[in-house]
Amino acid sequence: MQRRVIFSQKGLPYLLIAPQLVVTLVFFFWPGAQAVYMSLLQQDAFGASVQFVGLANFEYVFADEGYVDTFRRTLGFALAVTVLAMVPALWLAVMADRVLKGSTFYTTAMLVPYAIAPAVAGVLWLFMFNPSIGVLAWWLKALGVDWNPVLDGTDAMVLVVLASAWKQVAYNFLFFLAGLQAIPKSLLEAAAIDGARPLRRFWTIVFPLLSPTTFFLLVVGLVYAFFDTFGVISAVTQGGPATATETLVYKVYKDGVHNLDLGSSAAQSVVLMVIVVALTMVQFRFVERRVHYG
């Protein structure tokens with residue numbers, strides 16, 4: 001039987017959620033509506049000449065081969081960042097769940113990267129992989145690897161992926177650890193008594209019970225890779241060399257701020273918003289059917 005909270009005043013629930021509604025309307029729905037409106041216009045950088053062009057901006061975007069290449073690059077980038085942020089986080093959470101002494105310190109230390117701003121995280125990794133002074137670049141050079149993210153597009157993309165994934169590991173770690181601690185220990189003890197080894201217990205008991213958490217982090221990770229990695233890319237590579245690390249969100253910024261093509265930039269932002277919303281809806285509709293909730 002579920003307990004329901006009954007408010008003596010009918011207007012109190014609406015008053016409590018009013019601040020969140022205001023924040024959502026001002027910082028999410030209003031900018032989104034403005035982007036949709038601007039995507040239907042063609043205007044100069046100063047707004048002196050504004051002309052309604054309908055869907056012409058979208059036609060221009062989809063006909064641009066550079067935008068198609070950026071779209072493909074973003075998909076690969078998002079998948080790489082999501083996987084590299086989830087797998088280590090799960091392993092670290094499993095290790096943290098076994099720690100008896102000093103678990104608070106261990107958990108707190110693991111959460112430190114999440115408090116670092118994306119731009120700062122990108123600069124830290126840029127220093128470590130700098131071909132002149134970076135310690136990791138020096139090790140790679142000692143191993144015979146000619147590492148130079150400034151000139152080589154593949155090296156630059158690897159650097160951006162690593163920096164972006166490292167920033168998200170702490171977030172995933174926190175949720176995985178909470179999910180592990182919510183699993184009844186009696187299930188694992190019963191499996192151990194039956195002779196199941198630790199690896200088998202993980203794949204047959206722990207991981208299936210973590211599927212809701214994994215599914216949630218998968219969605220959040222993809223959205224993070226599409227949007228919140230802008231700071232890393234801007235601080236580390238500025239989309240270069242050439243356009244090797246240019247993702248959809250950075251292209252929106254470059255076309256709007258640097259190229260002053262406001263109509264195309266707004267159309268790209270609408271497309272990006274639709275892609276992320278559609279991706280989330282598809283995952284919740286089809287992938288969630290295979291999620292095991294115990």
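Numbers here are sequence positions counted from 1.
Nearest heavy atoms, Val94 versus Phe202: CG2-CE1, 3.8 Å. For Asn130 against Ser132, the heavy-atom pair with the smallest separation is OD1-N, 2.8 Å. Across all non-hydrogen atoms, the minimal contact from Val161 to Ala80 is CG1-CB, 4.0 Å. The two residues Thr213 and Gly179 have their closest heavy-atom pair at OG1-CA, 4.4 Å. The minimum heavy-atom distance linking Pro113 with Lys167 is given by the pair O-CD, 3.5 Å. What you find for Leu126 and Ala235 is that their closest heavy atoms are CD2-O, 4.3 Å.
For the atom pair Phe71 CZ and Asp64 CG, the distance stands at 14.0 Å (nearest 0.5 Å). Distance CZ/Phe173 to CG/Leu90: 11.0 Å, rounded to 0.5 Å. Note that OH of Tyr60 is 9.5 Å distant from CD of Gln42, once rounded to the nearest 0.5 Å. Atom OG1 in Thr247 sits 10.5 Å away from atom NZ in Lys254 (nearest 0.5 Å). Separation of atoms CD (Glu246) and CE (Met157) is listed at 10.0 Å; rounding is to 0.5 Å. Taken from CG in Asn57 to CD in Glu59, the straight-line distance is 9.5 Å, to the nearest 0.5 Å.
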| message | The test is side-chain contact (heavy atoms from CB on, under 4.5 Å); show your working for Thr214 and Phe207 and say whether it passes. | response | CA-CA 9 Å; Thr214 305; Phe207 191 70; 4.3 Å; yes
| said: Run Gln168 and Thr229 through side-chain contact (heavy atoms from CB on, under 4.5 Å) and show every step you take. | reply: CA-CA 10 Å; Gln168 190 69 2; Thr229 54; over 6 Å; no
| Test side-chain contact (heavy atoms from CB on, under 4.5 Å) applied to Leu177 and Met95, step by step | CA-CA 9 Å; Leu177 182 60; Met95 296 297 104; over 6 Å; no
| Does the side-chain contact (heavy atoms from CB on, under 4.5 Å) test come out yes or no for Leu162 and Met128, once each step is laid out? | CA-CA 12 Å; Leu162 291 176; Met128 290 190 294; over 6 Å; no
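In this structure the side chain of Val158 reaches within 4.5 angstrom of the side chain of Trp147, judged on heavy atoms. At least one side-chain heavy atom of Ile116 sits less than 4.5 Å from a side-chain heavy atom of Trp166. In this structure, Pro241 and Pro149 have side chains that are not in contact, with every pair of non-hydrogen atoms separated by 4.5 Å or more. Contact of the Val53 side chain with the Leu41 side chain is not registered, since no non-hydrogen atoms from C-beta on lie closer than 4.5 Å. Between Tyr14 and Leu21, the closest side-chain pair of non-hydrogen atoms is not below 4.5 Å. Residues Thr74 and Ile275 are not in side-chain contact: their nearest non-hydrogen atoms beyond the backbone lie 4.5 Å or more apart. Using a 4.5 Å heavy-atom threshold, the side chains of Leu25 and Trp30 count as separate.
When atom types are taken as modelled, the side chain of Ser269 and the backbone of Ala266 share a donor-acceptor pair closer than 3.5 angstrom. Formation of a donor-acceptor pair under 3.5 Å by the Ser49 side chain with backbone atoms of Gln43 is not found in this model. For Thr70 (side chain) and Gly66 (main-chain N/O), a donor-acceptor pair under 3.5 Å exists by modelled atom type. Counting only distance, with no hydrogens or angles, the side chain of Tyr224 and the backbone of Thr82 share no donor-acceptor pair below 3.5 Å. Distance alone, capped at 3.5 Å, places no donor-acceptor pair between the Asp194 side chain and the Ala196 backbone. A donor-acceptor contact shorter than 3.5 Å is absent between the side chain of Ser234 and the backbone of Gly231. Of the possible donor and acceptor atoms, none in the side chain of Asp228 sits under 3.5 Å from a partner among the backbone N and O of Val223. Within the 3.5 Å criterion, the main-chain N or O of Pro131 finds no donor-acceptor partner in the side chain of Asn148.
Under the 4.5 Å side-chain heavy-atom criterion for Ile, Leu, Val, Met, Phe, Trp and Tyr, Phe230 and Val257 are members of the same hydrophobic cluster. Following chains of ILVMFWY side-chain contacts shorter than 4.5 Å, one can reach Phe227 starting from Leu75, so the two form part of one hydrophobic cluster. Tracing side-chain contacts under 4.5 Å through hydrophobic residues (I, L, V, M, F, W, Y), one never reaches Met86 starting from Val83; they form parts of separate clusters. Linking ILVMFWY residues whenever their side-chain heavy atoms come closer than 4.5 Å, directly or via other members, leaves Val252 and Leu248 in distinct clusters. The cluster map of Ile, Leu, Val, Met, Phe, Trp and Tyr, joined by side-chain heavy atoms under 4.5 Å apart, puts Leu92 and Val87 in different clusters.
In this structure, Trp125 and Phe129 have parallel ring planes: the angle between them is below the 30° cut-off, well short of the 60° mark. Using a 30° and 60° split on the angle between ring planes, Tyr253 and His258 fall in the perpendicular class, above 60°.
A donor-acceptor contact under 3.5 angstrom links the side chains of Gln20 and Thr24, judged on distance only. One side chain, Thr245 or Thr237, offers a donor N or O that lies under 3.5 Å from an acceptor on the other.
Residues passing the salt bridge (charged side-chain N to carboxylate O under 4.0 Å, His left out) test with Asp255, sequence neighbours excluded: Lys251.
Remark: Tyr67 OH is packed, more than 12 non-hydrogen atoms of other residues, nucleotides or ligands lying under 6.0 Å away. Around CZ of Phe127, the count of heavy atoms belonging to other residues, nucleotides or ligands within 6.0 Å does not exceed 12. The local environment of CG in Asp69 is crowded, with over 12 non-hydrogen atoms from other residues, nucleotides or ligands closer than 6.0 Å.
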